[in-house]
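For reference, the structure discussed in these notes is given below.
Counting starts at 1 for both ligands and their atoms, in listed order. Note that the numbering runs from 1 along the sequence shown for the chain.
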Amino acid sequence: MQKTPQEDPAMAKDWIACLTYKSVATASPGASDLQTLVSKARARNRSLGITGMLAFEKDCFFQTLEGPPAQLDLLWSAIRQDTRHNHIEVLSEHVVTSRLFSDWDLLMDERFLDAPMVASPTPPAVADHIARIVVLALDGDDTGLNALIASFADNGWTGDAVVTLLIEPAARALGDAWMADQCSALELTIALSMLQLAGHALRYAPASETIRKSRYSILLATAPGESHMLGTSMLADQFTDAGWQVEMAFPESEQALLNQLGAQQPDAMDIGLSDALPRRHALIKLRSAIEHSRLAAIGRPTILSVGGRLFSEAAASAASVGADYARKGIAGSAIPIAELVRQNRKRQA
Ligand SMILES: Cc1cc2nc3c(=O)[nH]c(=O)nc-3n(C[C@H](O)[C@H](O)[C@H](O)COP(=O)(O)O)c2cc1C
């Protein structure tokens with residue numbers, strides 16, 4: 001069994017303390033206040049050897065900090081006394097052997113930093129289609145929605161295009177509607193399931209002979225406790241069409257996920273967060289699920305991928321959970337994941 005730094009002080013220098021907390025801003029900070037806070041914090045963190053991430057949402061801060069225990073203690077006592085926030089709640093505090101944020105001196109939610117990111121403009125016709133899809137889904141008009149989605153396929157749109165250009169943006173628009181209190185959580189979940197059902201009509205790139213022969217297998221799971229399963233369900237169609245052996249899991253807990261992973265030992269596992277909502281708070285739990293999945297699959301290492309709105313909007317979050325791959329969206333991940341599996345199998349051979 002691995003020793004802890006307490007049992008073996010010689011190891012202590014290599015250990016990294018890791019702290020995650022949530023707090024409430026005392027006064028709503030503007031973008032420039034946040035930028036000032038982050039740039040000062042970055043400079044100090046760099047000098048202390050501290051890495052981490054900071055997010056700000058709905059008047060709450062979420063921060064993960066990691067670094068040598070003594071330096072982290074020092075910084076933590078300054079942060080705790082900072083009057084710009086209060087109601088500080090420590091969510092997790094532990095010691096680990098390696099950093100998760102090694103490349104970042106402090107990541108801040110991209111929306112608050114530097115120049116605003118310019119989204120590529122959506123052509124008006126496509127924006128119209130998305131708006132119609134949202135209305136039909138919120139109205140519960142499954143017949144209309146199925147007919148509309150099927151009509152794109154009839155007009156030559158590929159499955160990948162319908163998913164990427166219409167279904168995913170519609171899911172995000174539905175998430176935005178919920179965040180703006182324009183629909184209830186139940187209406188959002190129902191609308192997403194309707195999108196999911198309509199999506200079954202789509203077809204994707206046909207099976208690759210190599211993959212079929214190699215019998216690549218994947219476990220497609222929603223993140224433990226995640227109620228939105230649009231992405232996971234649509235991935236099932238894509239991976240099946242691409243020749244993979246597909247199993248699915250909708251675990252309520254991390255343990256249930258690990259049990260299924262241990263029983264099936266697939267070549268790859270994808271864990272999906274909501275495609276409608278950013279779920280930033282789920283990052284910590286997801287990271288734990290990934291860490292434990294690596295241990296559960298120790299005999300036959302599994303390629304671990306993650307996806308969801310969080311990853312499509314802030315690609316850097318991928319590194320924070322320790323996954324091998326982060327999907328930018330629902331479509332198009334069968335090929336890069338197959339390549340990772342191929343390399344993995346070669347290493348084990
Ligand atoms: C939510 C929040 C997060 C912060 N994160 C950091 C940080 O990561 N690094 C840092 O040096 N200061 C951070 N600060 C600022 C510190 O609280 C403090 O102002 C700064 O370290 C200067 O400390 P001093 O006044 O003891 O010199 C943060 C402040 C807030 C409100």
Within one Ile-Leu-Val-Met-Phe-Trp-Tyr cluster: Ile190 and Met229, side-chain cutoff 4.5 Å: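 Same cluster.
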Are Leu202 and Leu165 linked, directly or through intermediate hydrophobic residues, by side-chain heavy-atom contacts shorter than 4.5 Å (ILVMFWY only)?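 In one cluster with Leu165: Leu202, yes.
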Atom indices of ligand 1, in the order listed, that fall short of 4.0 Å to a heavy atom of [X]:
X	result
Ala78	17 (O), 23 (O), 26 (O)
Leu65	8 (O)
Arg44	11 (O), 20 (C), 21 (O), 22 (C), 23 (O)
Leu75	9 (N), 10 (C), 11 (O), 12 (N)

Pick one of side chain, backbone, both or neither for how Gln63 approaches ligand 1, counting any non-hydrogen atom pair under 4.0 Å.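 Looking at Gln63 and ligand 1, just side chain atoms fall under 4.0 Å.
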Is the Trp76 ring parallel, tilted or perpendicular to the Tyr21 ring (thresholds 30°, 60°)?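 Rings of Trp76 and Tyr21: tilted, as their planes differ by 30° to 60°.
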With distance as the sole test, does Asp241 use its side chain to make a donor-acceptor pair with the main-chain N or O of Arg203 at under 3.5 Å?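 No; zero donor-acceptor contacts below 3.5 Å.
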Are any of the heavy atoms in Trp76 under 4.0 Å away from ligand 1?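 The answer is no, since Trp76 has no heavy atom less than 4.0 Å from ligand 1.
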Using a plain distance cutoff, I'd like to know if [X] has any nitrogen or oxygen under 3.5 Å from a nitrogen or oxygen of ligand 1.
X	answer
Tyr21	no
Ser23	no
Arg84	yes

Please report the shortest heavy-atom distance between Asp275 and Arg309, naming the atom on each side.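 Scanning both residues completely, I find the closest heavy atoms to be O-CB, 3.7 Å.
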For Ala326 and Phe311, which heavy atoms make the closest approach, and how far apart are they?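 So the two residues come closest at CB-CD2, 4.3 Å.
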Stepwise salt bridge (Lys or Arg N to Asp or Glu O under 4.0 Å) check, Asp324 with Arg294: CA-CA 11 Å; Asp324 300 300; Arg294 297 233 182 262; 3.2 Å; yes
